[in-house]
Amino acid sequence: MVRKVLVAAFCVLMLLPLWFLFTGSIQSIKGLMIMPAPIFPANPTLANYSWLVQIPELVRWVFNTGFITLSVVLGSTLVSAMAGYAFAFYNFKGKKLLWMLLMLGLMIPSISKIIPLFVITNQLGIAGTQLSAIMPLIFAPTLIFLARNYFETVPKSLLEAARIDGANDWQILFRIILPISQPIVGCIALFSAISALGDFVWQQLQLQDNQVATLLVGLMRMVQNKNADGMGINPIGKAMMVGVVLMVPLLIIFSVANKYFTNSLSGAMKE
Amino acid sequence: MRKQGRIQYILMAPALLFCAVFVLWPIVDLLWLSVHKTDFIQTKFVGLGNYAKALESTQFWQAIGNSALYIVLITVGQVGLALIVALSVMNMKKRWIDFTRIASYLPALTAGVIIAMVWRWVFHYNGPANWLIGLFGAQPVQWFAGEFSIPIVSLIVIVSGFGGYLIMTLAAIQSINKDLFDAARIDGASELQIKLRIVLPILRPSIGMMVLLTAISAPQIIETVMMLAPYDHSASAAFAIYKEAFQNGRHGLAAAMAVITTIVLIGFTLVKGKVEKHGA
């Protein structure tokens with residue numbers, strides 16, 4: 001019983017910052033300075049949100065966020081699944097070496113890639129465009145690793161049977177392997193969506209133009225610049241409102257993909 | 001397993017292509033940048049000059065020292081918390097485990113910059129943290145101005161990052177054969193003994209993995225530092241590099257700093273491999 005209380009208290013403590021993020025977003029600056037901070041604010045206000053919907057680029061940013069996230073999810077899932085399939089089901093010359101080459105990316109800290117990528121996107125002619133936010137995220141060694149590990153648990157007899165029935169390799173991948181690998185595909189899609197929605201450092205370097213910005217970059221830029229138009233007297237409340245807004249897509253994706261999550265991760269840890 | 005055919009190369013081609021453009025090319029470019037002085041208009045070869053400058057820079061050394069502190073605090077906090085929570089809930093009903101998992105993972109799901117918005121308020125001069133210490137009669141503190149900034153940034157990173165490690169630990173515990181516990185119970189072992197003497201030793205490889213992952217990621221924390229404490233006294237290695245490149249515009253020097261940091265971090269991985277080979 002004591003343990004249940006402790007665990008419950010711990011969970012509440014973990015969720016408290018998120019709850020205060022929400023209550024803070026519906027408070028005036030005066031309300032935010034009331035201590036102890038009330039769990040349920042006395043005078044909630046939607047002032048911060050009405051500031052949000054008056055941002056002229058808002059719709060543009062929502063659209064850009066959707067476009068970039070969707071592109072990363074599709075591209076990354078496809079690339080990872082194909083590579084994982086190749087490494088799980090085929091033997092070929094140089095397999096080990098190529099695998100090490102693909103996993104090399106795990107060893108390089110992202111800050112080390114950002115400086116040269118800044119140069120490279122320039123040379124590719126995609127600097128400052130949405131492509132520059134999408135392309136570097138398509139290749140993700142972790143996701144290839146997850147895909148390969150999962151595919152290796154698929155019984156080989158299944159493939160042989162399909163082959164005898166006359167299915168070619170592509171049909172096997174798209175009609176058999178991917179459908180029965182739904183948990184890992186869901187998990188990979190979730191991870192790549194999270195990476196696209198949270199890639200703040202790189203996006204704010206690249207998406208300088210407000211027309212191509214994402215919600216994350218556009219809103220954070222307004223929050224960071226305290227003198228920006230309309231931040232007014234309640235920059236803290238507006239910042240917290242921005243946090244709430246940016247969490248919404250993550251929560252939606254998480255609640256959809258949550259069921260895939262644990263199973264596939266436990267598979268990966270067995271390696 | 002089939003040997004003939006070329007289809008595997010077609011399947012790998014996109015991954016290899018993206019790997020070449022977005023991993024290999026950046027590595028080569030980083031090394032090239034690190035021996036040049038450049039503002040992207042004029043470029044001059046300076047040999048190891050940038051490395052010498054990096055090693056003379058007090059800011060870089062400060063960031064390295066800060067990173068060492070971040071590594072210790074975050075590794076102990078994050079892995080320790082994941083283990084304590086996982087061991088506490090492992091025998092509880094599935095409902096409880098699932099709830100703990102989700103409650104812990106939700107902050108991890110959220111990007112560092114987003115969650116930083118609430119922490120900015122918590123550690124505001126007129127915020128809850130100062131109210132709390134005020135109850136004990138302490139004077140309000142500018143939390144990010146001095147020696148508190150590294151522990152606080154670490155705390156934030158721990159709270160928002162440990163959910164992933166909890167999931168890994170719970171998964172590893174689930175894969176333990178339950179017969180082991182029953183056998184120990186018959187021999188009269190208490191639940192605490194089972195956890196400390198059986199579960200913990202079995203988890204050792206997972207713990208090693210998690211320690212390595214946190215130790216590598218701690219010097220790379222950047223968003224929390226950028227949002228809350230963008231100062232020299234709290235800069236991580238990653239933030240110091242970022243600042244040098246994109247605020248001071250010294251890309252060559254920043255590249256040299258990045259190369260040094262990368263080599264150190266790869267060193268961690270190699271050391272861990274060695275320890276595992278020779279260890280018990």
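Per chain, numbering begins at 1; letters A, B, ... match sequence-line order.
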Under 4.5 Å from any heavy atom of chain B - which part of A:M241: neither
Interface moiety of B:I84 toward chain A, non-hydrogen atoms closer than 4.5 Å: neither
Any donor-acceptor pair under 3.5 Å from B:R101 side chain to B:I167 backbone: no
Segment of B:L30 engaging chain A (4.5 angstrom heavy-atom cut-off): both
Which atoms of A:L216 approach chain B - backbone, side chain, both or neither, heavy atom under 4.5 Å: side chain
Residue part contacting chain B, namely of A:L219, when any heavy atom lies under 4.5 Å: neither
Partner of A:M247 under side-chain contact (heavy atoms from CB on, under 4.5 Å), chosen from A:I252, A:L18, A:L197: A:L18
Ring-ring centroid check B:F99 B:W96, cutoff 6.0 Å: no
Backbone of A:I108 reached by a side-chain donor or acceptor of A:S112 within 3.5 Å: no
Residue part contacting chain B, namely of A:S110, when any heavy atom lies under 4.5 Å: both
Closest-packed option against chain B by number of heavy-atom pairs under 4.5 Å, given A:M14, A:M33, A:M35: A:M35
Interface moiety of B:L17 toward chain A, non-hydrogen atoms closer than 4.5 Å: neither
No-hydrogen, no-angle side-chain donor-acceptor test under 3.5 Å, A:Q203 and A:D199: no
Options A:I253, A:L205, A:L173, ranked by heavy-atom pairs under 4.5 Å with chain B, top entry: A:L205
Chain A contact via B:I27 - side chain, backbone, both or neither, heavy atoms under 4.5 Å: side chain
Heavy-atom proximity to chain A below 4.5 Å, by part of B:V21: both
Portion of B:A245 that has a non-hydrogen atom of chain A nearer than 4.5 angstrom: side chain
A:F10 portion near chain B, given a 4.5 angstrom heavy-atom threshold: side chain
Options A:L159, A:L101, A:V242, A:I34, ranked by heavy-atom pairs under 4.5 Å with chain B, top entry: A:L101
Whether A:Y90 and A:Y85 hold their rings parallel, tilted or perpendicular, with breakpoints at 30° and 60°: perpendicular
Interatomic spacing from CE in B:M226 to OG in B:S236 - rounded to 0.5 Å: 9.0 Å
Part of B:M257 lying under 4.5 Å from any heavy atom of chain A: neither
Under 4.5 Å from a heavy atom of chain A, the part of B:L109 involved: both
Worked verdict on B:L265 versus A:M107 for side chain to side chain contact (heavy atoms under 4.5 Å, CB included): CA-CA 8 Å; B:L265 293 185; A:M107 310 273 283; over 6 Å; no
Mutual orientation of the aromatic rings belonging to A:F151 and A:F89 [parallel < 30°, tilted 30-60°, perpendicular > 60°]: parallel
Distance-only polar pair, side chains of A:T65 and A:T214, donor-acceptor under 3.5 Å: no
Under 4.5 Å from any heavy atom of chain A - which part of B:V113: both
Side chain, backbone, both or neither of B:F162 within contact of chain A (heavy atoms, under 4.5 Å): side chain
Heavy-atom contacts under 4.5 Å, residues 213-225 of chain B to chain A: B:Q220, B:I222, B:E223
Donor-acceptor under 3.5 Å (B:T169 side chain, B:L83 main chain): no
Per-residue contact mode, B:W25 against chain A (heavy atom under 4.5 angstrom): both
Residue B:Y242 versus chain A: region with a heavy atom under 4.5 Å: both
Side chain, backbone, both or neither of B:L24 within contact of chain A (heavy atoms, under 4.5 Å): side chain
Max heavy-atom pair count under 4.5 Å with chain B, selected residue of A:L32, A:L117, A:V119, A:L6: A:L32
Winner by heavy-atom pair count (cut-off under 4.5 Å) against chain A, out of B:T110, B:V28, B:N130: B:T110
Which portion of B:W119 sits near chain A, non-hydrogen atoms under 4.5 angstrom: side chain
Choice from A:A8, A:P17, A:G75 maximising heavy atom contacts with chain B below 4.5 Å: A:P17
Centroid separation A:F87 to A:F92 less than 6.0 Å: yes
Contacting region of A:I144 [heavy-atom separation from chain B under 4.5 Å]: side chain
A:W202 side chain to A:S132 backbone, donor-acceptor under 3.5 Å: yes
Salt-bridge contact B:D98-B:R95 (side-chain N to carboxylate O under 4.0 Å): no
Among the listed options B:G134, B:G112, B:G127, the residue most often paired with chain A at heavy-atom distances under 4.5 Å: B:G127
Short side-chain to backbone donor-acceptor contact, B:H36 and B:T38, under 3.5 Å: no
